[in-house]
**Student:** 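Can you read through this structure? Questions will come right after.
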4 protein chains.
Amino acid sequence: MSVSCATTCAALERRLIERVGAAGARIHLGRSRNDQVLTALRLYLREVLAQLAGGARAGAAALETLAAREPGTALPGYTHLQQAMPSSVPLWAGGFASELRDDAAGLEAVGRRLEKSPLGSAAGYGTPGLPIDREATRAALGFAAVHEPVTAVQLSRGKAEAQLLFEITLLLQDLARFACDVLLYATQEFSFVKLPAAFTTGSSIMPQKRNPDLFELVRGRSATAQACLLEALAVCAKLPSGYHRDLQLLKAPLFRGIDLALETLAILPPAIGALEFNREAIRLDPAIHAAEEANRLVLAEGIPFREAYRRVAAKLKGETP
Amino acid sequence: MSVSCATTCAALERRLIERVGAAGARIHLGRSRNDQVLTALRLYLREVLAQLAGGARAGAAALETLAAREPGTALPGYTHLQQAMPSSVPLWAGGFASELRDDAAGLEAVGRRLEKSPLGSAAGYGTPGLPIDREATRAALGFAAVHEPVTAVQLSRGKAEAQLLFEITLLLQDLARFACDVLLYATQEFSFVKLPAAFTTGSSIMPQKRNPDLFELVRGRSATAQACLLEALAVCAKLPSGYHRDLQLLKAPLFRGIDLALETLAILPPAIGALEFNREAIRLDPAIHAAEEANRLVLAEGIPFREAYRRVAAKLKGETP
Amino acid sequence: MSVSCATTCAALERRLIERVGAAGARIHLGRSRNDQVLTALRLYLREVLAQLAGGARAGAAALETLAAREPGTALPGYTHLQQAMPSSVPLWAGGFASELRDDAAGLEAVGRRLEKSPLGSAAGYGTPGLPIDREATRAALGFAAVHEPVTAVQLSRGKAEAQLLFEITLLLQDLARFACDVLLYATQEFSFVKLPAAFTTGSSIMPQKRNPDLFELVRGRSATAQACLLEALAVCAKLPSGYHRDLQLLKAPLFRGIDLALETLAILPPAIGALEFNREAIRLDPAIHAAEEANRLVLAEGIPFREAYRRVAAKLKGETP
Amino acid sequence: MSVSCATTCAALERRLIERVGAAGARIHLGRSRNDQVLTALRLYLREVLAQLAGGARAGAAALETLAAREPGTALPGYTHLQQAMPSSVPLWAGGFASELRDDAAGLEAVGRRLEKSPLGSAAGYGTPGLPIDREATRAALGFAAVHEPVTAVQLSRGKAEAQLLFEITLLLQDLARFACDVLLYATQEFSFVKLPAAFTTGSSIMPQKRNPDLFELVRGRSATAQACLLEALAVCAKLPSGYHRDLQLLKAPLFRGIDLALETLAILPPAIGALEFNREAIRLDPAIHAAEEANRLVLAEGIPFREAYRRVAAKLKGETP
């Protein structure tokens with residue numbers, strides 16, 4: 001890749017010379033592939049952040065639309081996967097929407113590590129002998145500051161990439177947790193939701209099956225995101241300072257992680273939109289109101305909560321001897 | 001631990017009743033261990049962030065002091081571990097100082113995920129039947145906002161912890177890269193630095209040895225930080241929504257990672273302060289000025305860089321036939 | 001720790017001199033902490049492997065006892081978490097028992113990396129000037145071979161440790177998958193199993209709750225095992241050859257991983273033994289027999305499977321228009 | 001992919017019918033994509049193991065050839081990256097050769113997890129209603145045993161894959177450590193080896209540079225191997241029993257890891273063969289013989305090692321006051 005990069009640079013230069021004459025040969029001055037590639041990457045990642053944050057917010061909006069569509073649909077609220085307290089579709093979907101908005105903000109915060117202009121740091125030690133104006137290129141490209149000193153530039157390689165992959169991992173883990181709920185609610189035993197045919201597949205030997213592949217892939221992809229993050233961190237680990245060819249290996253997990261997140265976010269809103277709740281199948285355990293009942297006892301009788309708790313517990317035991 | 005936590009709560013309550021009478025029994029109302037523990041954690045992590053960021057900045061300051069102490073000490077600048085361009089102790093130390101300041105800012109940015117008050121979300125579904133004032137506790141504890149909806153609170157578990165461990169990993173990876181340079185410079189072959197006796201150990205069979213254990217441990221600890229991060233992410237992965245006992249396992253990697261970072265930061269400034277450069281042993285390859293020479297040729301003769309590069313390369317070959 | 005190790009060695013030597021006189025001072029010859037520590041570790045790990053494999057087989061036996069106790073209890077067999085084909089408690093428990101026996105064999109296979117005697121490699125370059133008989137200590141300690149050449153010994157550090165942690169991870173991931181099934185079967189919606197009171201905890205605000213903490217911790221611990229493995233790999237990554245102090249950091253994840261596995265295996269048989277199946281609550285979807293029906297059609301009518309599949313599918317659709 | 005797999009199966013079946021008539025339609029009976037895909041994978045991985053082990057042994061052989069070519073070339077032996085004891089090219093290369101042979105054995109040991117025939121387990125619950133002869137297909141395909149019970153088959157998914165990726169990680173970490181040594185020895189400061197032009201690249205701005213990209217990529221790829229392993233483990237983590245679409249995500253890290261290892265092994269022997277040692281530049285610190293001298297003192301004067309150590313240490317200090 002380094003070779004092909006050098007070849008590309010040389011080709012660009014020849015083309016430029018053909019068009020503008022000898023002045024084209026000036027392009028190869030006061031810069032190195034090291035600072036150019038990093039500058040291009042930072043500009044590209046700025047756009048990626050906006051796309052990803054937008055995608056996460058679109059997912060949140062789809063969940064809020066679902067909540068608005070099912071304002072009165074009750075759901076059990078679970079702790080330890082046991083029915084615990086009354087919940088509802090708006091509370092369930094709203095919780096995930098809130099976390100997706102947190103993920104969007106987390107993605108945007110990666111921008112802090114993209115604010116500095118690497119141009120003019122060349123191979124990592126500046127351009128001795130050349131009066132380069134780093135401030136001019138910084139302003140032209142919209143960076144907030146010149147990355148100083150020049151030796152910091154190559155040391156920073158991989159940090160923005162890793163932070164982006166970290167935030168992608170949080171995002172995909174949130175989506176995976178949502179997918180886990182949907183997969184649970186879609187079992188015959190729960191039957192809380194019906195998955196739309198467009199988002200399921202059939203079986204080659206079991207004619208009755210509809211498989212929720214989409215949500216399984218969303219769950220599984222959180223593992224891939226984690227691996228992309230680890231790869232980016234491990235590539236940079238324990239390198240002496242200065243550029244090393246190892247750093248080129250950052251690109252594969254970076255682009256893989258970005259594509260993974262963008263594809264997953266793209267499929268999410270229609271899949272959420274197509275979820276149908278079987279209201280009649282959602283059954284709340286009567287005991288789910290025990291804490292609420294104890295709370296009301298406290299207010300009504302002015303007794304401490306532990307006392308109210310004991311009374312409700314005794315009553316529950318009496319009911320199911 | 002859950003049992004002992006419950007036991008602790010009950011003990012606190014008894015003690016309170018002894019002191020203030022029956023009103024003490026009111027404490028166990030409108031809350032759950034889930035929101036209490038998380039509130040305490042967020043308050044604690046705020047302080048930790050400040051300590052860690054302070055430690056990273058103290059490390060940067062120690063590097064800047066080193067740079068000021070050796071203003072004119074030249075160093076080769078390396079790319080691919082090959083001498084590439086002239087550098088210096090101020091450029092070398094300054095690069096790391098800049099990245100440590102970036103890490104400090106990264107650590108502080110974790111605060112965004114600690115801004116919301118969990119109190120009143122109880123076990124994750126609020127306190128039905130009780131008119132709790134979540135705004136009052138939010139204000140009293142200095143949170144920026146109430147964490148809403150209540151179902152988002154347990155979904156957010158592990159995200160701030162993981163972000164903190166991520167930033168600790170970046171910090172320790174930066175320190176590990178610094179340690180790698182020091183270990184390299186301290187070899188007999190480089191002999192750029194002399195390690196102070198206080199920061200080295202001896203050998204049980206080789207009387208001549210002084211071992212740079214401190215810097216090796218700094219390098220090695222970046223691996224531990226990475227593992228703490230992975231553990232926090234993996235504990236939360238693929239959990240359905242709501243509280244699960246698994247989340248308690250977040251604490252071990254969180255505290256391990258924090259202690260690791262604080263201990264490492266504490267030892268850093270004295271160790272940096274004790275580094276001594278052997279100025280006479282630092283030799284720059286004469287060819288290290290080739291790029292600079294080519295740059296000057298461009299300016300002097302108005303030729304394109306590629307042409308200047310070819311001339312300097314030919315001259316270098318002629319010198320070492 | 002290196003210091004305390006040196007201190008311990010010196011203390012042992014003084015004690016020996018007190019007991020056997022001047023000859024005690026001979027102990028500190030022809031060896032280094034590097035080969036001694038590694039030898040002790042290999043001898044220790046041999047025993048650990050046997051304990052862990054025994055624990056995994058005890059888990060398998062507990063599952064087989066459960067299967068024998070519920071020979072005729074039907075269970076739905078799931079693919080994609082959807083009811084797919086008829087299964088049973090013996091098939092369900094037997095699948096996990098088979099994998100635990102595979103894990104036991106995997107753990108024992110780590111022994112291959114513990115077969116060579118490090119003694120006499122000293123700090124990694126042998127004992128020049130001393131006619132050491134490495135074969136004698138190899139035979140006395142029951143190693144299969146002398147680890148040769150001496151330089152391989154320190155290069156091998158971390159590999160047996162990592163393989164053991166890898167096999168512990170596979171074991172704990174198998175147990176985590178078993179725990180996931182139990183947690184699912186213990187929901188009110190499935191109600192396939194009843195968890196014994198001794199292996200559940202209560203709630204501080206919801207008097208009706210019984211929480212399956214034990215199985216949640218088994219699930220969560222698979223994350224810790226994974227992190228121990230990663231830490232061991234990352235500590236060794238990218239180290240030049242020869243001993244480095246970093247390698248001491250291998251011990252924490254190694255011992256943490258071993259303790260985690262042993263504790264988890266110890267609690268497993270009684271927890272499995274206490275599982276109770278609610279036979280009357282286990283309901284198989286009538287369509288679960290569709291593949292079997294299609295198979296029978298093939299045999300009865302000599303038609304291809306695809307044709308039989310089409311007929312059964314049509315019949316299922318006709319039943320639920 | 002599942003869809004295209006189904007499409008492929010249907011296409012194969014049509015083609016078969018065209019060739020052999022109605023009997024071709026019999027192919028789609030008594031099997032599922034789940035057991036077919038896994039069977040094909042196990043057969044494929046058997047071959048991969050042989051290729052990889054062969055490649056690791058070829059690397060070892062190349063190192064042994066290098067050792068034979070430089071029988072008398074001394075090298076410092078390092079601990080803590082400090083010169084410690086005398087070593088040599090044969091000891092250095094021989095240590096890595098020994099570890100590569102250990103890696104080859106480790107790769108072959110993965111075969112134990114490929115020995116069982118999945119055929120006839122179908123979707124994970126067998127083929128009720130069909131008298132399938134699993135023993136016949138087992139024998140025909142050369143498996144050692146039928147994988148029993150059928151429910152174990154899908155539970156075993158990912159375990160052989162992860163073990164292969166684990167052994168690939170150990171292999172690539174060994175190669176990375178070798179690369180780290182080479183990169184160190186190739187610095188201007190060490191100058192122990194000269195890298196052949198065919199395995200280095202030039203710089204676009206520094207005409208004097210020859211960059212050891214190949215060995216940097218070998219070092220960096222150990223990070224990718226680690227990530228592939230983690231991804232395979234994380235995909236399977238916490239899945240309830242039975243097939244899930246997530247498992248399809250195992251293939252990407254598996255094939256990526258295999259390709260990475262095969263490509264790296266292919267380039268290794270020529271790169272090792274082209275290493276040239278600068279014998280005159282390799283300088284051993286005179287103090288490197290201190291342990292040997294102490295050993296000889298023990299033998300000559302019958303004194304304990306600690307006493308000999310003290311004398312040699314005093315003499316060394318006297319020499320360098």
Side-chain angles (χ1 to χ4, degrees), chain A residues 25-26 28-29 77-81 84-87 91-92 94-96 98-99 102 105 109 112 123-125 127-130 148-149 151-152 155-156 159 162 166 169-170 173 176-177 180-181 184 219 222 226 230 233 236-245 292 295-296 298 304-306, chain B residues 25-26 28-29 77-81 84-87 91-92 94-96 98-99 102 105 109 112 123-125 127-130 148-149 151-152 155-156 159 162 166 169-170 173 176-177 180-181 184 219 222 226 230 233 236-245 292 295-296 298 304-306:
Chain A
R26 303 285 169 189
H28 189 68
L29 182 66
Y78 298 85
T79 68
H80 307 264
L81 226 50
M85 307 263 288
S87 184
L91 272 177
W92 173 72
F96 282 107
S98 172
E99 288 309 307
D102 170 70
R112 195 188 60 74
Y125 303 95
T127 56
L130 271 190
E148 296 273 25
T151 41
L155 282 173
S156 77
K159 290 172 76 177
F166 169 74
T169 301
L170 287 193
Q173 291 210 164
R177 297 185 69 176
C180 283
D181 276 1
L184 191 65
R219 176 178 58 189
S222 64
Q226 230 181 63
L230 174 72
L233 288 170
C236 300
K238 304 185 195 174
L239 291 180
S241 60
Y243 176 79
H244 305 272
R245 180 70 183 269
E292 185 173 355
N295 282 341
R296 292 195 196 285
V298 168
F305 182 80
R306 285 191 194 275
Chain B
R26 303 285 169 188
H28 188 70
L29 181 66
Y78 298 85
T79 67
H80 306 265
L81 227 49
M85 307 264 289
S87 184
L91 272 178
W92 175 71
F96 282 107
S98 171
E99 287 309 307
D102 171 71
R112 195 187 60 75
Y125 302 95
T127 56
L130 272 189
E148 297 270 30
T151 41
L155 282 174
S156 76
K159 290 171 76 176
F166 170 74
T169 301
L170 286 194
Q173 292 212 164
R177 297 186 68 176
C180 282
D181 275 0
L184 191 65
R219 177 180 56 190
S222 65
Q226 229 181 65
L230 175 72
L233 287 171
C236 300
K238 303 185 194 173
L239 291 179
S241 60
Y243 176 79
H244 304 271
R245 180 70 182 271
E292 185 173 355
N295 282 341
R296 292 195 196 283
V298 167
F305 182 80
R306 284 191 194 275

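Every chain is numbered from 1, with letters handed out A, B, ... down the list of sequences.
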**Student:** Under 4.5 Å heavy-atom distance to chain A, tell me which part of B:Thr169 shows up: side chain, backbone, both or neither.
**Tutor:**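 Looking at B:Thr169, just its side chain touches chain A.
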**Student:** Taking all non-hydrogen atoms of both residues, which atom of B:Pro86 and which atom of A:Tyr125 are closest, and how far apart?
**Tutor:**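 So the two residues come closest at O-CB, 4.1 Å.
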**Student:** Relative to chain A, which of B:Gly242, B:Ala84, B:Gly124, B:Ser156 shows the most heavy atom pairs under 4.5 Å?
**Tutor:**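 If we count pairs closer than 4.5 Å to chain A, B:Ser156 comes out on top.
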**Student:** Where do B:Leu170 and A:Ala162 come nearest, in terms of heavy atoms and distance?
**Tutor:**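 Looking at all heavy atoms of both residues, the closest pair is CD2-CB, 4.4 Å.
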**Student:** With chain A as the partner, which of B:Lys159, B:Met85, B:Arg219, B:Gln226 has the greatest number of non-hydrogen pairs under 4.5 Å?
**Tutor:**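 Of the candidates given, the most pairs with chain A belong to B:Lys159.
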**Student:** Among B:Thr127, B:Leu239, B:Leu81, which has the most heavy-atom pairs under 4.5 Å with chain A?
**Tutor:**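 When all of B:Thr127, B:Leu239, B:Leu81 are compared, B:Leu239 has the most.
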**Student:** Would you please name every residue forming a side-chain contact (heavy atoms from CB on, under 4.5 Å) with A:Pro149, sequence neighbours left out?
**Tutor:**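 Checked A:Pro149 against side-chain contact (heavy atoms from CB on, under 4.5 Å); matches are A:Thr151, A:Ala152, B:Leu91, B:Ser98.
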**Student:** Given that the side chain runs from C-beta out, which part of B:Gln173 has a heavy atom under 4.5 Å from chain A: side chain, backbone, both or neither?
**Tutor:**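 Side chain only.
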**Student:** Pick one of side chain, backbone, both or neither for A:Leu230, based on which atoms fall under 4.5 Å of a heavy atom in chain B.
**Tutor:**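 Looking at A:Leu230, just its side chain touches chain B.
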**Student:** Tell me, out of A:Ala123, A:Ser222, A:Ala109, A:Pro304, who's got the most heavy-atom pairs with chain B below 4.5 Å.
**Tutor:**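 Highest number of pairs under 4.5 Å: A:Pro304.
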**Student:** Distance from A:Ser241 atom OG to B:Phe96 atom CZ, nearest 0.5 Å?
**Tutor:**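 A:Ser241 OG to B:Phe96 CZ: 4.5 Å, rounded to 0.5 Å.
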**Student:** Quick one: CG on A:Leu155 to CG on B:Asp181, what's the gap to the nearest 0.5 Å?
**Tutor:**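 The CG atom of A:Leu155 sits 8.0 Å away from the CG atom of B:Asp181.
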**Student:** What residue, out of A:Phe305, A:Tyr243, A:Phe166, has the most heavy-atom pairs lying under 4.5 Å from chain B?
**Tutor:**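 Highest number of heavy-atom pairs under 4.5 Å: A:Phe166.
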**Student:** Could you tell me which of A:Val298, A:Leu184, A:Leu130 has the largest number of non-hydrogen atom pairs under 4.5 Å with chain B?
**Tutor:**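 Heavy-atom pair counts peak at A:Leu130.
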**Student:** Quick one: what part of B:Arg112 sits under 4.5 Å from any heavy atom of chain A, side chain, backbone, both or neither?
**Tutor:**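 Just its side chain gets close to chain A.
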**Student:** Under 3.5 Å, is there a donor-acceptor pair between the side chain of B:Arg177 and the main chain of A:Lys238?
**Tutor:**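 Looks like no, no N/O pair under 3.5 Å.
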**Student:** By side-chain contact (heavy atoms from CB on, under 4.5 Å), which residues pair with B:Arg296, not counting sequence neighbours?
**Tutor:**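 B:Arg296: side-chain contact (heavy atoms from CB on, under 4.5 Å) contacts with B:Glu292.
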**Student:** Among B:Ala237, B:Cys180, B:Cys236, B:Gly95, which residue forms the greatest number of heavy-atom pairs with chain A at distances under 4.5 Å?
**Tutor:**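 Greatest number of close heavy-atom pairs with chain A: B:Gly95.
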